[in-house]
There are 2 protein chains.
Amino acid sequence: MFSQTSEYAIRALIEIATRPEGEHVLSSELGESLGIPQHYLSKILQQLVRTRVLKSVRGRSGGFRLARSAADIRLRDIVEPFEDLKKCEECILGQPVCSDAGACPLHDFWGDVRERYVNELETKSLADLTDYQLKKLGSMNAGLFKRVGSVPGKESLKQKSKRKKVGTK
Amino acid sequence: MFSQTSEYAIRALIEIATRPEGEHVLSSELGESLGIPQHYLSKILQQLVRTRVLKSVRGRSGGFRLARSAADIRLRDIVEPFEDLKKCEECILGQPVCSDAGACPLHDFWGDVRERYVNELETKSLADLTDYQLKKLGSMNAGLFKRVGSVPGKESLKQKSKRKKVGTK
DNA sequence: TCTTTATCGGATAACTTTGTCCTAATATCC
DNA sequence: GGATATTAGGACAAAGTTATCCGATAAAGA
Ligand code: SF4
Ligand code: SF4
């Protein structure tokens, strides 16, 4: 549903948003604590600066911070640079147009899913996501998105590569 | 939602299923009429032979046909070799476990979507998909999945490459 | 048996996504 | 001003997906 890149973006923004307002967070620290490749994350954050979701300050005591209140950042604003949202307007089976008039049995399914998807992107804000995080942090002492133990983020990523291929046995 | 490969597989099977039962369909003809790269489609069909969804006959008057009735072929049987279905059991934000206890605002959305998705895969059969096709063919004289005009399949594929990239402006 | 027709299946290429590395630019602190 | 810390951004590498090519294999028909 979300690309790896979008997932990184969301997780990083949640982390940034839970920090004291105005504090600058280092991309290296984010990558380290979230188990996201640091330099790759840098590029993602840079992109979010360009789309005015984040602001950055260079040099000593620099870093990234939100460009505006978390409540004003929609999920859509976060993933837009990394997802082809137009694609989900199209037919799931590759038809040029996908109309309800004359729908195949997959049409209802696909229509519902994407409606819910775009609705989620439009209505959920970064604040909605962090609210839960903050509640959790109250009762536990480890952040949900912090890695615990032996870098589970990296490991689970590698395991994903075991997919079956088309041509080879 | 579906990979390009899965989409090809579904479209090809729909086409095969609408042919007279037992007739052998050539992979080259399928690729040609559906606008799917012929040799790539061959590999996909070969894979479906291995998973016993299709049967193939080599040599003269050979080709592909369904291994069993279209009603007995679930959508899941079709896409399983090409999709990582385990992946959709996992958290949309990459958490090791994704439980309802302590759900973030995306959890409900993701839970509903994937439930609907796996349900669709399990319950919809190839016959369900072709029923609609056949009805259409009764009133129109062109198949919905046949390409019309100037190879729209190929073109729309190329256009997809215009996505924004992460690092480069 | 020989030719023709197709699938089978390996090798490889093109493209996309993901990840790494290095240098330049810039801000802070001494 | 110089040392240091940090983002900016280009080049490149690795991995995954999609697509192409070609020879081997098998079946049918003359
Ligand atoms: S009815 Fe089904 S096949 Fe036709 S355009 Fe809609 S989703 Fe695609
Ligand atoms: S609650 Fe949200 S973040 Fe937590 S595991 Fe479920 S989907 Fe992932």
Side-chain angles (χ1 to χ4, degrees), chain A residues 2-9 12 16 23-32 35-50 54-65 81-84 87 94 153-154 156-169, chain B residues 2-9 12 16 23-32 35-50 54-65 81-84 87 94 153-154 156-169:
Chain A
F2 289 134
S3 67
Q4 184 67 260
T5 307
S6 293
E7 187 196 304
Y8 289 162
I16 294 174
E23 178 183 330
H24 284 176
V25 189
L26 304 188
S27 75
S28 58
E29 189 209 326
L30 277 176
E32 173 71 21
I36 300 174
Q38 296 184 15
H39 296 92
Y40 191 54
L41 181 57
S42 277
K43 299 245 178 278
I44 297 172
L45 298 179
Q46 280 169 36
Q47 178 62 43
L48 289 168
V49 169
R50 286 190 209 105
L54 288 176
K55 286 196 171 166
S56 67
V57 174
R58 289 194 196 181
R60 245 187 198 195
S61 78
F64 295 89
R65 67 174 209 274
F82 314 115
E83 299 287 329
D84 186 1
K87 191 173 52 185
K154 282 254 173 181
S156 67
L157 188 65
K158 298 303 176 192
Q159 285 167 359
K160 279 187 194 169
S161 328
K162 288 184 192 162
R163 289 195 45 190
K164 300 152 202 164
K165 306 290 285 298
V166 164
T168 61
K169 167 145 163 261
Chain B
F2 289 134
S3 67
Q4 183 69 261
T5 307
S6 293
E7 187 196 304
Y8 289 162
I16 294 175
E23 178 182 330
H24 284 176
V25 189
L26 304 188
S27 73
S28 58
E29 189 208 327
L30 276 176
E32 174 70 19
I36 300 175
Q38 295 184 16
H39 297 91
Y40 191 54
L41 180 57
S42 276
K43 299 246 177 280
I44 296 172
L45 298 179
Q46 281 168 34
Q47 177 64 42
L48 289 169
V49 169
R50 286 189 211 103
L54 288 176
K55 287 197 170 167
S56 68
V57 174
R58 290 194 192 180
R60 246 185 196 194
S61 77
F64 295 89
R65 69 172 208 273
F82 314 115
E83 300 286 330
D84 186 0
K87 191 174 53 187
K154 283 254 175 181
S156 66
L157 188 65
K158 298 304 176 192
Q159 285 167 358
K160 279 187 193 169
S161 326
K162 287 183 193 163
R163 291 194 45 191
K164 301 154 201 162
K165 305 293 284 300
V166 164
T168 60
K169 164 136 164 269

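Letters A, B, ... are given to chains in the order of the sequence lines, protein chains preceding strands, and every chain is numbered from 1.
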Practice item. Select one nucleotide: of C:dT7, D:dA19, C:dT18, the one nearest the side-chain heavy atoms of B:Tyr8. Key: D:dA19

Exercise for review: Would you indicate which nucleotide in C:dC22, C:dT18, C:dG9 comes nearest to any side-chain atom of B:Gln46?
Suggested key: C:dG9

Can you check the [X] [atom1] to [N] [atom2] distance for me, whole Å?
X: A:His39; N: C:dT17; atom1: NE2; atom2: P; result: 22 Å
X: B:Leu41; N: C:dG9; atom1: CG; atom2: C1'; result: 15 Å
X: B:Glu29; N: C:dT7; atom1: CD; atom2: P; result: 10 Å
X: B:Ile44; N: D:dT20; atom1: CD1; atom2: C1'; result: 13 Å
X: A:Phe2; N: C:dT18; atom1: CZ; atom2: P; result: 13 Å

Practice item. Applying side chain to side chain contact (heavy atoms under 4.5 Å, CB included), name anything that partners A:Ser6, two or more places apart in sequence or on another chain. Key: A:Phe2, A:Ser3, A:Val79, A:Phe82, A:Glu83

**Study point:** Sequence-distant partners of A:Ser61, side chain to side chain contact (heavy atoms under 4.5 Å, CB included), two or more places apart
**Key:** none

Check your understanding: Is B:Ser27 touching bases, backbone alone, or none of the nucleic acid, heavy atoms closer than 4.0 Å?
Key -> sugar-phosphate

Check your understanding: If you look at every strand shown and take non-hydrogen atoms under 4.0 Å, does A:Leu45 touch a base, only sugar-phosphate, or nothing?
Key -> nothing

Using the test side chain to side chain donor-acceptor pair (under 3.5 Å), find all partners of [X] that sit at least two apart in sequence or belong to another chain.
X: B:His39; result: none
X: B:Ser56; result: none
X: A:Glu29; result: A:Arg19

**Study point:** Non-hydrogen side-chain atoms of B:Val57 and B:Phe64 separated by less than 4.5 Å
**Key:** no

**Study point:** Within-4.5 Å side-chain heavy-atom neighbours: B:Lys43 and B:Gln47
**Key:** no

Check your understanding: Between B:Ser56 and C:dT7, is there a side-chain N or O to OP1/OP2 distance below 4.0 Å?
Key -> no

Practice item. May I ask you to evaluate whether A:Tyr40 reaches the phosphate of C:dC21, defined as a side-chain N or O under 4.0 Å from OP1 or OP2? Key: no

Review point. Is there a donor and acceptor pair, one atom on the side chain of B:Lys43 and one on the base of C:dG9, closer than 3.5 Å?
Key: yes

Review point. Could you write nucleotides 24-30 of chain C as a row of B, S and -, 5' to 3', where a protein heavy atom under 4.0 Å of any base atom gives B, of only sugar-phosphate atoms gives S, and otherwise -?
Key: -BBBBS-

